[in-house]
Amino acid sequence: MSDQPADLVDGPLAEIVVDLAAIRNNVRVLRGLVGVPLIAVVKADGYGHGMVEAAHAAREGGAEWIAVATVDEALRLRAAGYGGPLLCWLMLPGTNLERPVAEGIDVTAYTGAELDAIAAAAEAAGRRARVQLKVDTGLNRGGAPRATWADLFARAREGERDGSWKVTGLWSHFACSDEPAHPANDRQEQAFRAAVALAEDGGLRPELLHLANSAGAVLRPSSRFDAVRCGISIYGLDPAPGSTPDLGLVPAMTVRTRLGLVKDLVPGDGVSYGHRWVADRPTTVGLVPLGYGDGVPRHAFRPGGPGNPDNTAEVAVGGKRRPIRGSVCMDQFMVDLGGDPAAAGDEVVLFGAGPDVPTAQDWAEACGTISYEIVTRIGGRMTRTYVDSEERRS
Ligand SMILES: *Cc1c(COP(=O)(O)O)cnc(C)c1O
């Protein structure tokens with residue numbers, strides 16, 4: 001979704017509309033609930049909402065910190081003018097660390113080798129680095145495994161003494177916080193407390209201890225420590241479907257387009273590649289000019305078997321939910337209009353906010369995935385536009 005070239009004849013066929021007021025509202029609600037600083041996570045282009053715009057709206061809503069995954073993302077935020085507290089956590093051997101150190105970005109270390117690289121970068125930048133240490137408390141993804149904590153903390157203390165860096169934070173990440181009763185949550189929180197104690201025994205005094213993502217922040221007050229890292233919830237999507245109380249979060253993203261064509265079918269007509277859906281009654285279908293080339297999952301239509309209904313996502317046309325019929329193609333898919341009056345040019349909403357519109361969570365359930373993937377992958381040829389529903393009201 002780079003800038004559109006100026007010589008486009010007609011522009012994109014669909015748009016992603018992001019309501020910045022929704023992000024501000026969600027951050028305000030979450031910040032009020034947790035009562036500790038909020039680190040707004042805007043990695044992966046702000047979960048598809050636009051990294052820079054999402055960061056700005058989150059700051060306006062009261063987020064004290066911004067976080068991204070990669071060093072490049074952090075540098076792009078700095079280049080866009082964001083000068084505040086900023087954390088990143090994903091790098092490879094050889095990642096250039098001099099620039100993030102020079103620009104006052106908090107970098108995360110999992111290993112002594114990474115600390116050595118940060119020391120060299122601090123030396124080259126002529127500036128004391130800001131380092132956060134990440135411990136693995138059971139996710140078994142990034143972070144220092146428990147057996148290495150003592151050595152990592154010792155090396156971190158050494159670098160503080162010799163002026164290479166200040167250890168600004170110590171943190172970890174949950175595996176199962178969207179299942180609040182999962183025993184891994186207690187185990188991870190206990191392990192994190194043990195890491196904090198060990199770090200303090202080793203002479204470290206990190207200012208910012210943080211463990212919780214959105215689901216932890218909302219559902220597990222004991223995991224809030226000095227800050228929470230909220231991603232999916234700031235975009236108004238449910239971090240723990242089935243467990244989250246109604247907080248008044250508002251989905252920030254709406255995806256909309258128009259019908260390209262409406263046609264009649266008779267019983268026995270198969271629709272789209274492979275004829276994986278066959279009409280069993282007369283109906284009308286409408287063409288939606290979006291497909292997996294735009295991040296619409298092909299999984300949004302899967303035929304059922306004998307006695308089993310099809311798995312299908314729905315879109316809103318004319319105020320009604322309309323199921324997908326047949327395979328989602330690269331550029332288009334068909335929806336069932338059930339014979340209702342409809343014409344080429346009518347508005348189609350794939351998902352968004354509001355009572356008559358499917359949510360990204362509805363799409364996730366239909367596709368057998370999570371809402372994170374739906375909003376982060378959508379895009380392709382679409383354009384993204386920003387609205388501010390608060391500004392319109394005032
Ligand atoms: C993506 C991410 C988050 C945000 O998680 P949500 O569930 O979207 O709130 C927090 N911390 C880390 C390390 C992450 O990778």
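What's counted below: heavy atoms across the whole structure, side chains too, no hydrogens, waters or symmetry copies. For the single chain, residues carry numbers from 1 onward in sequence order. Every number for a ligand or one of its atoms is a count from 1 in the order of the listing.
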State the atoms of ligand 1, each with its element, that fall below the 4.0 Å cut-off from a heavy-atom position in Arg141.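 The atoms of ligand 1 under 4.0 Å from a heavy atom of Arg141 are 15 (O).
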
Interfacing atoms of ligand 1 (cut-off 4.0 Å, heavy-atom, Ile232):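 This gives 6 (P), 8 (O), 9 (O) as the contact atoms.
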
Between [X] and ligand 1, is there a nitrogen or oxygen pair with a distance under 3.5 Å?
X      : value
Arg229 : yes
Val41  : no
Tyr372 : yes
Cys230 : no

With side chain to side chain donor-acceptor pair (under 3.5 Å) as the test, would you mind laying out the steps for Thr70 and Asp72 before giving the verdict? CA-CA 5 Å; Thr70 70; Asp72 259 18; 5.8 Å; no

Considering only non-hydrogen protein atoms, determine which one is nearest to [atom] and report residue, atom name and distance to 0.1 Å.
atom                    : result
atom 13 (C) of ligand 1 : Trp171 CZ3, 3.5 Å
atom 9 (O) of ligand 1  : Ser214 OG, 2.5 Å
atom 3 (C) of ligand 1  : Lys43 NZ, 3.7 Å
atom 8 (O) of ligand 1  : Tyr47 OH, 2.6 Å

Taking the inter-plane angle between the rings of Phe225 and Phe192 on a 0 to 90° scale, is it parallel (under 30°), tilted (30 to 60°) or perpendicular (over 60°)?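 Phe225 vs Phe192 ring planes: perpendicular.
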
Which part of His210 is near ligand 1, with near meaning a heavy atom under 4.0 Å away: side chain, backbone, both or neither?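 Near ligand 1, His210 shows nothing, with every heavy atom at 4.0 Å or more.
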
Any idea which part of Phe174 is under 4.0 Å from ligand 1, heavy-atom wise: side chain, backbone, both or neither?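 The answer is neither; Phe174 stays 4.0 Å or more away.
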
Donor-acceptor pair, side chain of [X] and main chain of [Y], under 3.5 angstrom:
X      : Y      : answer
Asp106 : Arg130 : no
Asp356 : Gly319 : no
Asp162 : Ser164 : yes

Hydrophobic cluster membership, with links at side-chain heavy-atom distances under 4.5 Å among I/L/V/M/F/W/Y: are Met330 and Val328 in one?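 No, because Met330 and Val328 fall into different hydrophobic clusters, even though each may have its own neighbours under 4.5 Å.
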
Using a distance-only test with no angle check, is there a side-chain donor-acceptor pair under 3.5 angstrom linking Ser327 and Arg276?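 Yes, because at least one side-chain N or O of Ser327 sits under 3.5 Å from a partner of the opposite role on Arg276.
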
State whether a side-chain donor-acceptor pair under 3.5 Å links Glu189 with Ser222.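 Distance-only check passes for Glu189 and Ser222.
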
